[in-house]
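Working notes, beginning with the structure itself.
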Amino acid sequence: MTPHLPLPTQTTEEKFLRQIFVRDQMAEWSKHPLVMERADGVFYWDVTGKRYYDAISGIYTASVGHNNRRVIEAIKKQLDTLHFSPPMHGTNPIAVQLANLLAEVAPDDLSTVKFECGGSEVTEAAIKLARQYHRLTGNPGKYKIISRYQSWHGSTMGSLAASGLKSRKTVNEPLPAGFVKVFPPTCYRCPFGKSYPDCGITCATIVDSVIDMEDPSTVAAIMVEPIGHTGGVIDPPEEYLRILREICDRHNILLIFDEIITGVGRTGQMFAAQTFGVTPDVICTGKGLSGGYIPLSAMICRKGIAEAFWGPIEKNPGFVEGHTWEGGPVACAGGIAIIHEILERDLCRNSREQGARLRSGFERISQKYGIIGDIRGKGLFQAIEFVSDLKTKAQFPAKPGFGVRVGKRALEQGLLCRFDPHWIAFGPALTVTAEQIDEMVAILDKCIGETLAE
Ligand SMILES: Cc1ncc(COP(=O)(O)O)c(C=O)c1O
């Protein structure tokens with residue numbers, strides 16, 4: 001028998017950390033490595049025993065909190081019954097049940113589901129769905145995907161090509177062709193130099209001109225996050241998504257909402273589509289649907305689109321897209337438990353209520369220090385943007401950036417939030433309490449004060 005290889009016990013030592021790629025710049029990260037050991041509710045504990053408030057649900061993923069017993073028991077029970085079903089030849093009852101549950105909670109006639117394991121897989125599946133749908137309905141020339149600068153749709157080559165972050169794209173170029181970018185609705189710093197509401201919502205209406213320039217007969221879909229994350233929580237003016245919907249209808253273009261972050265209660269309704277009152281043709285949802293327990297994501301499309309894939313076998317190959325782990329019964333059992341938890345505990349309401357409390361907390365900090373130029377987002381997905389001058393909107397020096405300095409200090413003081421040079425975002429579990437929101441905001445307040453005094 002092969003003896004067990006020894007596992008490192010001091011997992012924060014550099015010689016052991018050198019054996020793993022992390023998402024951060026590794027040499028820098030290994031100076032103060034964050035290595036988590038356990039979690040419960042809205043808290044993490046690292047391997048040294050230090051406790052952290054988790055103000056971003058891991059990364060907008062632990063929707064119903066860490067160590068949620070209902071989800072864990074559902075997963076354990078499923079493991080004892082059927083841990084894997086054959087994805088090439090069929091499905092399993094748990095996947096069918098979750099698909100039906102999602103059809104119930106999704107807006108309007110979005111009712112056919114493709115399961116995947118993560119956000120990148122599911123946004124890429126939506127791109128393929130749009131292209132194949134147009135082929136099946138007599139428009140094989142429609143293949144281009146319009147998306148936005150500063151957006152993030154995933155790490156695989158297709159989803160990366162749809163993304164608009166040069167910091168993550170350039171190093172991987174050249175990327176697949178057929179992706180066109182437009183400017184995002186960053187009202188606070190309008191890319192067209194205008195001001196809302198007299199701007200005519202140029203960020204949306206100009207998409208019509210872009211389609212015209214590209215040739216509408218070549219455009220398959222527009223893909224947007226209803227509220228963009230990268231770029232600093234880009235919350236569009238209320239007309240924006242409605243205008244995109246109208247443009248898509250006029251040109252026979254599918255509207256895809258990437259709700260990997262905004263889905264499953266985060267903006268105060270089950271989907272941001274409902275928060276904004278705009279129905280897309282496809283919703284991609286991920287992070288919060290899995291709760292962080294077992295990888296799970298889902299693409300939900302409208303009935304009419306799904307019907308195009310039901311043709312006779314001689315003419316129609318079905319949806320040509322698939323992954324080994326899609327619709328796994330264990331992941332789907334977790335997903336069902338999460339949706340039930342959200343519905344029964346009315347966590348969408350909690351998202352709205354605690355979101356309002358979070359907004360008040362951010363506003364208090366803003367009045368206290370005079371360095372927060374904008375507060376954006378909805379429900380439990382909100383950010384603050386730092387400026388050195390409220391009038392001119394001038395930013396603090398980018399390196400290392402005021403937001404990074406505050407965020408790192410917050411980590412030292414036991415608060416995990418999302419930080420960039422110029423902004424900080426919160427997205428705690430939908431189960432968060434008023435007291436916990438106040439405590440997270442209090443740590444942030446202290447860290448901003450200390451960073452300013454540095
Ligand atoms: C809006 C959005 N779409 C897609 C993705 C990709 O998801 P994943 O990392 O699960 O592949 C992310 C991940 O951060 C995201 O935020």
Side-chain angles (χ1 to χ4, degrees), residues 21-24 56-63 114-130 145 147-165 167-169 172 175 179 181 184-185 221-236 241 255-267 271-273 275-276 280 282-300 321 323-326 328 331 334-335 338 376-383 416-420 423 425-427:
F21 275 113
V22 294
R23 283 274 293 271
D24 221 332
I56 44 165
S57 321
I59 186 68
Y60 310 105
T61 298
S63 49
K114 175 81 172 172
F115 290 114
E116 308 280 3
C117 293
S120 311
E121 281 181 11
V122 92
T123 51
E124 190 132 341
I127 292 166
K128 291 182 183 171
L129 180 98
I145 308 295
S147 55
R148 302 189 305 215
Y149 291 116
Q150 289 184 290
S151 66
W152 183 243
H153 299 295
S155 298
T156 54
M157 285 303 203
S159 60
L160 186 61
S163 302
L165 276 189
S167 58
R168 298 184 191 174
K169 283 174 63 156
N172 287 304
L175 292 167
F179 292 84
K181 297 290 176 308
I222 296 179
M223 178 150 78
V224 293
E225 300 153 78
I227 301 178
H229 176 237
T230 41
V233 180
I234 301 170
D235 193 359
L241 293 171
L255 181 60
I256 302 169
F257 280 0
D258 175 347
E259 296 222 31
I260 306 299
I261 290 182
T262 57
V264 193
R266 184 136 304 277
T267 67
F271 292 101
T275 302
F276 285 97
V282 182
I283 286 180
C284 299
T285 185
K287 297 180 186 283
L289 178 65
S290 75
Y293 290 89
I294 308 269
L296 175 68
S297 59
M299 185 202 73
I300 317 167
E321 152 66 20
H323 291 270
T324 302
W325 283 90
E326 68 179 60
I338 282 163
R376 297 187 285 268
K378 292 192 167 40
L380 287 171
F381 182 35
Q382 296 192 42
L416 183 71
C417 55
R418 174 69 159 82
F419 51 86
D420 249 51
W423 54 273
F426 273 28

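Both counts, for ligands and for their atoms, begin at 1 and track the order of listing. Predicted model only: the values in this text are computed from it and were never measured. Along the sequence shown, residues are numbered consecutively beginning with 1.
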Any E259 heavy atom less than 4.0 Å to ligand 1: no

Polar atom proximity, T123 to ligand 1 (N or O, under 3.5 Å): no

Derivation and outcome, side-chain hydrogen bond (donor to acceptor under 3.5 Å, both in side chains), residues E124 and T156: CA-CA 8 Å; E124 190 132 341; T156 54; 2.5 Å; yes

Ligand 1 N/O within reach of G154 N/O, cut-off under 3.5 Å: no

Nearest neighbour in protein (non-hydrogen) for atom 7 (O) of ligand 1: G119 CA, 3.1 Å

Pairwise side-chain contact, L175 with K169, heavy-atom cut-off 4.5 Å (strictly under): yes

Minimum heavy-atom distance W423-T230, with the two atoms named: CZ2-CA, 4.4 Å

Protein contact to atom 16 (O) of ligand 1 [nearest heavy atom, distance to 0.1 Å]: I261 CD1, 3.3 Å

Interatomic spacing from CD1 in I227 to CZ in F381 - rounded to 0.5 Å: 6.0 Å

Atom 3 (N) of ligand 1 - nearest protein heavy atom and its distance: D258 OD2, 2.7 Å

Region of K287 that comes within reach of ligand 1 [heavy atoms, distance under 4.0 Å]: side chain

Numbered atoms and elements of ligand 1 in range of G118, under 4.0 angstrom, heavy atoms: 10 (O)

Charged N-O contact under 4.0 Å between K114 and E326: yes

Residue, atom name and distance, where the atom is the protein heavy atom closest to atom 2 (C) of ligand 1: W152 O, 3.2 Å

Ligand-side contact atoms (ligand 1) for residue partner E225, heavy atom cut-off under 4.0 Å: 1 (C)

Short N or O distance, S120 and ligand 1, threshold 3.5 Å exclusive: yes

M299 vs F115 side-chain heavy atoms within contact, under 4.5 Å: no

Non-hydrogen atom of H153 closer than 4.0 Å to ligand 1: yes

Residue pair R266 / K378, side-chain heavy-atom distance below 4.5 Å: no

Nearest heavy atoms of M223 and A162, plus distance in Å: CE-CB, 3.7 Å

